Amino acid sequence: MTPRLTLLTDFGTRDGYVGAMKGVITTVAPEVALDDISHGVEAGDVEGAALTLERYWDRYPPGTVHLVVVDPGVGTDRRGLAVEADGRLLVLPDNGVVTRVISSASYWRAVALENQEFLGPDRSSTFHGRDVFAPAAAHLARGLELVRLGPAVDDPVHLPLPPAPIRRDDESLQGQVIGIDRFGNLSTNLPGRHLQESVEVEVDGRRISAATTYGEVEEGALLALVNSDERVEVAARGASAAQLLGVEVGAPVRLIRPSAG
Amino acid sequence: MTPRLTLLTDFGTRDGYVGAMKGVITTVAPEVALDDISHGVEAGDVEGAALTLERYWDRYPPGTVHLVVVDPGVGTDRRGLAVEADGRLLVLPDNGVVTRVISSASYWRAVALENQEFLGPDRSSTFHGRDVFAPAAAHLARGLELVRLGPAVDDPVHLPLPPAPIRRDDESLQGQVIGIDRFGNLSTNLPGRHLQESVEVEVDGRRISAATTYGEVEEGALLALVNSDERVEVAARGASAAQLLGVEVGAPVRLIRPSAG
Amino acid sequence: MTPRLTLLTDFGTRDGYVGAMKGVITTVAPEVALDDISHGVEAGDVEGAALTLERYWDRYPPGTVHLVVVDPGVGTDRRGLAVEADGRLLVLPDNGVVTRVISSASYWRAVALENQEFLGPDRSSTFHGRDVFAPAAAHLARGLELVRLGPAVDDPVHLPLPPAPIRRDDESLQGQVIGIDRFGNLSTNLPGRHLQESVEVEVDGRRISAATTYGEVEEGALLALVNSDERVEVAARGASAAQLLGVEVGAPVRLIRPSAG
């Protein structure tokens, strides 16, 4: 079967850095199928990349290799990791970008990228995406056993994720905005199962009614619904909820039961 | 033979939504080759996507599956369609984005995406690109018969395309700008065969001479020529005609024979 | 083995021009694996594309076909070229974009794209990327001999690269900024081997200390180091050196030995 390898970076494409990584990968694993996820992660945005990764890593079939290079901390003592989680393989810097994968996987194990045999021969001081992460990922795509890459790691860096939503005295549930997508939809850390039709969501003092789908409200109107990550999302039909509400990642969101008036 | 599947969306890549779709597709069809067309369609721009689709759908070999997700109208009664046209397969929302394909195909047939067997098992309320369109497209790439996806549809939504150019009293031909590309070239609905060397094109009161190629005019100068879609295009060598002329999609364009003064 | 073909253009993706090229390519070579390098080259930026190409062309394995379409000069007498360099194949306009490949290859040969048999049947006046370069590249990916495409060319257009750095009276080495990447790192034409710890780099009157990696300086601080192209780079940890220094491509950079005070 054709091995498959995905790429997520903050390199942009214009400078050819992603091209260099693809060249290194296909030299090691000529038959690999390469799928771009994105190279438009904001420079160094580890939390954003972790949320993006959460959306696709386990949608791919077992055996897929996911390469993520965001904020690798070249020249610091930051490790590179290879992780196996629920049958998928991930190669990424030990900066917390794997947090959401590990949190949701039913099992995982990790190793540090240390075995020189499977890293690039000439390692530059600036571009470990090409010289360390790409060759390691390519060897995994060719079928190399994870443990061959280096010693086991049982303490990958864990991102300080937003705290779990808090139940307040008035029975409302207090969470926050964890991401804003291209359409201006606000993803929150409120589990979707708490949203019922009778419920309202308060963002920045403004109350928004729950709905099942975008189609239930007028063009331009705000609604709260369960999104494809199974979280509560605040959206606006055909418009940007982020712009309408003027909020950013971290903004408090409160889920209010009708009795809490 | 390796099945091939192309993707055109307005999702951007940063949020991982396209990654999720690719994961779903490769789970169903592990051997598929995925070609990105673009994920930078303007949010909800069905007319722009229709023009983009027209440029590549039949350049690909028969058997290719083209997946298009722009403005799927999740939560409305908008159908999803699978279409076979001149041997290519298309999976897209029934919002008119297929209009230019159907207009130019020598034959086509369509079905509605209704057979639950070939859609995703858990359908979210917000992301039919991942849960409906991607699995349907992947099954087609694996060789599923079109008719297995659902009942025949003979009335796909048809976009109100700009009216065909009108011949006016003075023998000039009146059309309009239908698209502006990255370079600022103005694509019009005037068929290229009407452009001859002796002809001029008038945009917003300004007369522009016909040429055969960009190379015939000075850097920065405007020209009218037959573009790669076989339509009349107004361009500027090494510059943006759209900026120079200050016009937008829908602007009137008149093709003037010399006798018409 | 699966043939592999990479694409670098200034077309953007939104308009479907790249999609049209991919369709033409896969019609000729259905089994080809397509890797996007970038479609975000600035319109007509031949020098930028040459620097980008330098970063990946020989990272790919021998046999790879690299298709580059930037500023093809359609309608001028500019030739299209197919080049073999160190086992890789390149198809690109004869506008100098191949300069850095030829300068660094241990051997190369080139032909002009003239054999009508391997070009598109209906050539438009505006889109040789689709009608000339794409089919030629696809035929090479299928295994066509380079010489079948047209007559030998021994004088490809050579870009006027920045002059080699000059040794000045005070023993300092005078070069310039040749590229600025997405992160604001300044790539220079100063060979990395000249950078030692005792050395300083002067950009626009400001002196910057040499370091080995980003990790050696504080967040936001400037440093000079050897980059992944083995050239001297001026960077800022977690920040944009280009913004901090306010310089552009072409800005003078001086490498100063300590004795030169």
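So you know, we letter chains A, B, ... as the sequences are listed, proteins then strands, and number each from 1. Remember, predicted model here, so these are calculated numbers, not experimental data.
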Exercise for the section: Output the option from C:Glu42, C:Glu54, C:Arg237, C:Arg4 having the highest count of non-hydrogen pairs under 4.5 Å with chain A. Expected result: C:Arg4

Exercise for the section: Could you tell me which portion of A:Ser124 (side chain, backbone, both or neither) has an atom closer than 4.5 angstrom to a non-hydrogen atom of chain C? Expected result: side chain

Practice task
Would you please indicate if the ring centroids of A:Phe133 and A:His128 are separated by under 6.0 Å?
Solution key: no

Practice task
Pick whichever of C:Trp57, C:Phe183, C:Tyr56 has the most heavy-atom pairs under 4.5 Å with chain A.
Solution key: C:Phe183

Problem - Proximal component of A:Val18, with respect to chain C [non-hydrogen, under 4.5 Å] - result: neither

Completion exercise
Among A:Pro30, A:Ala43, A:Gly73, the residue with the most heavy-atom pairs under 4.5 Å to chain C is A:Pro30

Problem - N-O pairing of A:Asp71 and A:Arg78 below 4.0 Å - result: yes

Problem - Region of A:Val28 that comes under 4.5 Å of a non-hydrogen atom in chain C - result: neither

Practice task
Count the heavy-atom pairs under 4.5 Å between each of A:Asp15, A:Thr13, A:Asp10, A:Val74 and chain C, then report the option with the highest count.
Solution key: A:Asp15

Handout entry: Neighbour count >12 (heavy atoms, 6.0 Å) for atom CD, C:Glu31
Key = yes

Fill in the blank from the handout: Among C:Thr64, C:Asp36, C:Leu34, the residue with the most heavy-atom pairs under 4.5 Å to chain A is C:Asp36

Problem - Test side-chain hydrogen bond (donor to acceptor under 3.5 Å, both in side chains) applied to C:Asp35 and C:Thr6, step by step - result: CA-CA 5 Å; C:Asp35 285 2; C:Thr6 77; over 6 Å; no

Handout entry: Engaged part of A:Arg130 at the chain C interface, taking heavy atoms whose separation is under 4.5 Å
Key = side chain

